[in-house]
Amino acid sequence: MLKRHSLSLAIMFSSLSLVACNSNDDDNASLPSKAVTTTTITVTPSLGKILNGRVALKNAKTGAILAPTQTLTPTSNGTAKFTVPVSKLADPVLAEVLPTAAGIVEYFDEALEANKTITVPAADIAKPILRAAASVTANANIGVTALTEAAVQQAAKQASGLIAQNINN
């Protein structure tokens with residue numbers, strides 16, 4: 001009878017040992033992640049025809065900068081990519097095309113089939129040349145053209161300015 005009891009104890013201890021040796025490393029799997037979820041917002045001014053300038057991405061309502069200003073260069077194919085926390089996309093965004101710090105904007109003039117340079121006075125370097133405002137979600141693409149500039153101006157004239165309702169209208 002002692003052997004039977006010893007065998008039962010051996011089976012019980014080995015079962016407990018196997019349960020205690022859980023091999024998965026998901027100890028903190030149910031804890032919320034402290035990492036910030038980000039997304040990419042791509043801004044394409046004038047269908048990629050602006051070859052030299054800067055692009056700023058801001059909260060349309062508050063004017064707060066959402067990501068560092070990007071420089072447009074011929075190697076970037078006239079686009080600017082921003083990495084933005086998804087939590088900052090609750091309000092509409094405003095994409096602004098600015099001259100370089102030297103006050104230069106270079107663009108491709110389709111009528112002349114040549115690159116043209118605009119020189120902006122030093123006092124106007126911080127003023128946008130073209131803007132677009134939009135309510136966006138993750139991985140959005142924003143085009144900035146003369147028509148989007150007109151839409152921004154129209155929305156800004158409405159009561160409460162650049163809010164989602166005025167921008168979406």
Salt bridge (charged side-chain N to carboxylate O under 4.0 Å, His left out) partners of [range], not counting sequence neighbours, each pair once:
range            : result
residues 136-149 : Arg131-Glu149
residues 118-129 : Asp124-Lys127
residues 137-147 : none

What pair of heavy atoms forms the shortest contact from [X] to [Y], and how long is it?
X      : Y      : result
Leu162 : Ala155 : CD2-CB, 3.8 Å
Ile125 : Val120 : N-CG1, 4.2 Å
Ile167 : Ala60  : CD1-CB, 4.0 Å

Non-neighbouring partners of Ala151 that pass side-chain contact (heavy atoms from CB on, under 4.5 Å), sequence neighbours left out: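 By the side-chain contact (heavy atoms from CB on, under 4.5 Å) rule, Ala151 matches no residue at all.
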Considering residues at least two apart in sequence or located in another chain, which fulfil the side chain to side chain donor-acceptor pair (under 3.5 Å) criterion with [X]?
X      : answer
Ser135 : Asn168
Thr75  : Thr73
Thr39  : Asn139
Lys116 : none

[atom1] of [X] to [atom2] of [Y]: how many Å apart, nearest 0.5 Å?
X     : Y     : atom1 : atom2 : value
Leu72 : Thr79 : CG    : OG1   : 7.5 Å
Leu57 : Phe82 : CG    : CZ    : 5.0 Å
Ile41 : Leu66 : CD1   : CG    : 9.0 Å

Would you give me the side-chain donor-acceptor pairs under 3.5 Å for residues 45-53, sequence neighbours excluded?
none

State yes or no: do [X] and [Y] share one hydrophobic cluster built from I, L, V, M, F, W and Y residues joined by side-chain heavy-atom distances below 4.5 Å, directly or via other members?
X      : Y      : answer
Val144 : Ile118 : yes
Val43  : Val84  : yes
Ile163 : Val152 : no

More than 12 heavy atoms from other groups under 6.0 Å of CD on Gln158: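 Yes, enclosed.
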Over 12 foreign heavy atoms within 6.0 Å of CD, Glu113: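 Check fails, neighbour count at 12 or below.
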Non-hydrogen side-chain atoms of Asn141 and Thr44 separated by less than 4.5 Å: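 The answer is no, as the side chains (C-beta and beyond) never meet within the 4.5 Å cut-off.
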Any side-chain heavy-atom pair of Thr42 and Ile142 under 4.5 Å: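 The answer is no, as the side chains (C-beta and beyond) never meet within the 4.5 Å cut-off.
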Linked hydrophobic residues, Ile65 as query - side chain contacts closer than 4.5 Å: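 None, because no other hydrophobic side chain comes under 4.5 Å of this residue.
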Residue pair Leu130, Thr145: steps toward the side-chain contact (heavy atoms from CB on, under 4.5 Å) verdict: CA-CA 7 Å; Leu130 293 173; Thr145 66; 5.8 Å; no
Under 3.5 Å, side-chain donor or acceptor atoms of residues 85-104 against the rest of the protein: list the pairs with distances, not counting sequence neighbours.
from: Asp91; atom 1: OD2; to: Asn59; atom 2: ND2; distance (Å): 3.2
from: Glu96; atom 1: OE1; to: Lys58; atom 2: NZ; distance (Å): 3.1
from: Thr100; atom 1: OG1; to: Ala102; atom 2: N; distance (Å): 3.3
from: Thr100; atom 1: OG1; to: Gly103; atom 2: N; distance (Å): 3.4
from: Thr100; atom 1: OG1; to: Ile104; atom 2: N; distance (Å): 3.1
from: Thr100; atom 1: OG1; to: Ile104; atom 2: O; distance (Å): 3.3

Intermediate values then yes/no, side-chain contact (heavy atoms from CB on, under 4.5 Å), Tyr107 and Asn115: CA-CA 6 Å; Tyr107 71 99; Asn115 290 340; over 6 Å; no
Contacts of type salt bridge (charged side-chain N to carboxylate O under 4.0 Å, His left out), residue Glu106, not counting sequence neighbours: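 By the salt bridge (charged side-chain N to carboxylate O under 4.0 Å, His left out) rule, Glu106 matches no residue at all.
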